[in-house]
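Only one structure is covered here, and it is reproduced in the block below.
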Amino acid sequence: MNTQIDNLLHENRQFAPTEEFASNAVAQPSLYEEAAADRLGFWAKQARELITWETPFTKTLDWSNPPFATWFDDGTLNVAYNCLDRHVEAGNGDRVAIYWEGEPGDTREITYAQLTEEVKKAANVLTDLGIGHGDRVAIYMPMIPEAVISMLAVARIGAIHSVVFGGFSSDSLRSRIDDAEAKLVITADGGWRKGKVSSLKPAVDQALAGKDGDTQKTVEHVLVVKRGENEVDWTEGRDIWWHDVVPSASSDHTAQAFEAENPLYILYTSGTTGKPKGILHTSGGYLTQAAFTHRNVFDLHPESDVFWCTADIGWVTGHTYVVYGPLANGATQVMYEGTPESPHQGRWWEIIEKYGVSIFYAAPTAIRSFMKIGRQVPQEFDLSSIRVLGSVGEPINPEAWMWYRNVIGGGSAPIVDTWWQTETGAIMVSPLPGITATKPGSAQVALPGISITVLDESGNPVSNGNGGLLVIDEPWPAMLRGIWGDPERYKETYWEKFGDKYFAGDGARLDEDGDVWLLGRVDDVMNISGHRLSTAEIESALVANEMVAEAAVVGASDETTGQAVVAFVIIKQSHLDEAEQIADIASSLRSWVGEQIGPIARPREVFVVNELPKTRSGKIMRRLLRDLAEGREVGDTTTLADTMVMKVISDQVRS
Ligand code: PRX
């Protein structure tokens with residue numbers, strides 16, 4: 001990793017904004033000055049300018065009880081009103097909010113007026129179903145407009161959504177429903193992916209039925225959108241078709257204001273233990289930073305731009321840059337249901353041409369897989385509408401960055417490499433187009449109003465040219481407010497290592513100019529295609545299989561997906577005695593993990609071994625397994641309880 005990074009740091013290409021871009025840019029250099037002069041005053045000004053408050057706030061930040069922050073505490077607002085009604089009231093009801101493209105090619109065009117009406121109807125239905133302020137609603141949906149409508153309807157009535165990525169298994173869904181004690185699940189029969197319908201409702205049925213009679217107890221209803229037209233089972237009294245209740249509901253609904261700190265959503269993300277953490281976000285601060293970053297980082301001109309963030313709503317990027325940021329800013333955006341290669345490899349570029357997308361936000365994994373296919377595919381389409389490109393979720397290597405700029409961005413579009421996390425709620429580190437001279441591969445600078453630093457293990461700031469741990473040293477408006485139901489874990493995970501500073505879990509280096517280069521996670525969290533998975537989560541899925549005695553999982557670097565899951569397992573003697581083929585065991589365990597957690601967690605490789613490398617205190621030395629998985633010489637083994645063990649494992653893996 002370090003040699004790779006050393007090479008990166010010799011990257012000396014820089015792309016300054018053109019004068020024309022800079023003079024029309026939304027973000028002006030004065031933003032940095034204003035924020036440096038009065039950080040809290042700066043955020044208060046953004047909150048007043050970008051958000052409509054029912055009751056204006058008088059307090060900005062309360063940090064008297066760290067790490068529990070409140071922002072704009074005495075203000076009240078309605079998040080959905082800010083994303084919908086106020087745009088209609090301002091005369092922009094006819095503006096398209098969403099150009100939706102289904103994977104099979106069906107389309108819907110939804111204006112702000114129509115979206116507002118739909119959300120009002122859905123809000124009335126939720127109220128009729130007994131959902132009220134503070135109740136939790138799980139959303140398990142494909143990328144269809146009803147997913148956005150559901151999130152906003154929940155927000156509108158002051159309830160809390162917990163969106164679960166549609167690619168997660170019924171077990172993963174169940175544990176999230178249980179943890180949040182959801183009262184309602186909103187889902188669809190199925191959605192289109194890779195040319196066929198992928199069902200969702202059966203996973204909800206399974207999750208609620210549980211195993212061995214362990215029926216879920218808090219969910220009262222399941223609201224089901226018809227999308228896939230696939231056959232689904234029906235539980236009378238519990239299940240309700242969306243089309244039976246929402247279209248006929250009243251569209252009369254006045255948004256009530258809630259406190260700025262009213263919880264908006266819980267989003268589960270992997271940590272270093274097997275149990276995902278329910279990251280809690282609230283309303284006023286979150287919406288302020290979502291709107292501010294969406295406007296300034298992407299240089300949004302809402303009257304003329306067409307924005308497209310390709311993330312699924314099941315991830316935080318989909319929350320902040322498909323739903324809350326763009327809609328709070330009255331932007332017009334594209335939403336696409338399917339996968340990039342369906343029905344042909346140019347699908348994304350065709351969509352950009354069709355809708356004249358001007359701001360495009362995607363993940364490096366996708367860019368690298370398009371690079372592999374070759375530039376001839378995007379070159380068949382007119383991408384001249386593109387003026388800003390964004391990258392998120394994982395480090396982008398300079399080669400992919402240059403390809404993105406040249407092939408997708410016509411050799412001139414600025415790229416914003418945006419670093420942030422589920423926990424940060426919104427972008428924290430990124431160039432600002434029109435201001436920053438960009439460098440291929442670097443996320444560069446903290447946004448105005450955000451304060452970060454890179455510290456060494458003992459908490460001292462590193463100087464330029466050196467690496468360390470990325471830390472956020474001042475609270476920020478969109479920060480997580482905690483882990484659902486577990487304040488202790490919140491403190492331990494993020495706030496113990498460096499006292500009252502937030503430890504992000506990422507390594508970073510500062511170059512000679514002080515620009516930040518992200519180096520990936522320093523904990524046992526993996527980043528697969530920009531999605532977070534923990535080694536512990538996959539290990540516990542593996543040991544839940546009756547064949548497995550012990551398991552160790554590492555994230556090994558992968559040319560396309562950044563990292564890939566590689567598992568090492570010890571199989572119980574009884575199963576080996578049954579003479580099951582090692583290859584069959586490996587392949588059945590790969591599928592097993594896919595079924596337990598979801599296809600994204602399926603290991604690229606499973607190696608069956610006799611032993612695992614452990615220290616004298618029994619800790620698995622993942623570093624050594626990573627060396628092996630990445631085909632390197634195995635590093636220092638002196639701390640192993642049995643120094644020969646790596647030789648045995650290497651022989652087994654390489655045989
Ligand atoms: O390791 C960092 C990486 O993704 C992690 C956060 O994952 P998640 O909460 O799923 O959110 C992903 C989308 C915001 C971080 O700890 N990461 C995110 N953005 C970047 C990145 N690594 C390098 N460069 C980025 N731009």
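Positions are given from 1, in the same order as the sequence printed here. Note that the coordinates shown come from a computational prediction; the quantities given were computed from them, not determined experimentally. Order of listing sets the numbers, starting from 1, for every ligand and every atom in it.
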Practice prompt. Report the part of Asn527 in contact with ligand 1, treating N, CA, C, O as backbone and CB onward as side chain, heavy atoms under 4.0 Å; options are side chain, backbone, both, neither.
Written response: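 For Asn527, only side-chain atoms sit under 4.0 Å from ligand 1.
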
Worksheet entry | Side chain, backbone, both or neither: the part of Leu518 lying under 4.0 Å from ligand 1 by heavy atom | side chain

Worksheet item: Parallel, tilted or perpendicular for Phe503 and Phe498, by the 30°/60° rule?
Response: perpendicular

Worksheet item: Which of parallel (below 30°), tilted (30 to 60°) and perpendicular (above 60°) describes Phe165 and Phe168?
Response: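 Perpendicular: the ring planes of Phe165 and Phe168 meet at over 60°.
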
Quiz question: by atom type and distance under 3.5 Å, do the side chains of [X] and [Y] form a donor-acceptor pair?
| X | Y | result |
| --- | --- | --- |
| Ser358 | Asp305 | yes |
| Asp506 | Trp419 | yes |
| Thr320 | Tyr286 | yes |

Item to complete: For Pro395 and ligand 1, answer yes if some heavy atom of the residue is under 4.0 Å from a ligand atom, otherwise no.
Response: yes

Worksheet item: Can you find an N or O of Gln421 that's nearer than 3.5 Å to an N or O of ligand 1?
Response: yes

Item to complete: May I ask you to check if ligand 1 and His531 share an N or O to N or O distance below 3.5 Å?
Response: no

Response to the item:
Atoms of ligand 1 under 4.0 Å from any heavy atom of Thr317, numbered from 1 in the order shown, are 13 (C), 14 (C)

Fill in: Ligand-side contact atoms (ligand 1) for residue partner Val392, heavy atom cut-off under 4.0 Å
13 (C), 14 (C)

Worksheet entry | N-O pairing of Arg193 and Glu337 below 4.0 Å |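 Salt bridge: no.
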
Discussion item. My understanding is that we take every heavy atom of each candidate and find the minimum distance to atom 21 (C) of ligand 1. Doing that for Glu394, Arg532, Met428, which one comes out nearest?
Written reply: Glu394

Worksheet item: Any idea which of Gly393, Ser391, Pro364, Gly562 brings a heavy atom closest to atom 17 (N) of ligand 1?
Response: Gly393

Worksheet item: In the protein, which heavy atom is nearest to atom 9 (O) of ligand 1, and how far is it?
Response: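 Closest protein heavy atom to atom 9 (O) of ligand 1: Thr422 OG1, 2.6 Å.
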
Discussion item. Can you report which non-hydrogen protein atom sits closest to atom 15 (C) of ligand 1, along with the distance?
Written reply: Asp506 OD2, 3.2 Å

Fill in: Side chains of Lys491 and Phe68 in contact at under 4.5 Å (non-hydrogen atoms)
yes

Response to the item:
Here the salt bridge (charged side-chain N to carboxylate O under 4.0 Å, His left out) pairs for residues 275-295, sequence neighbours left out, are Asp179-Lys275, Lys277-Glu423

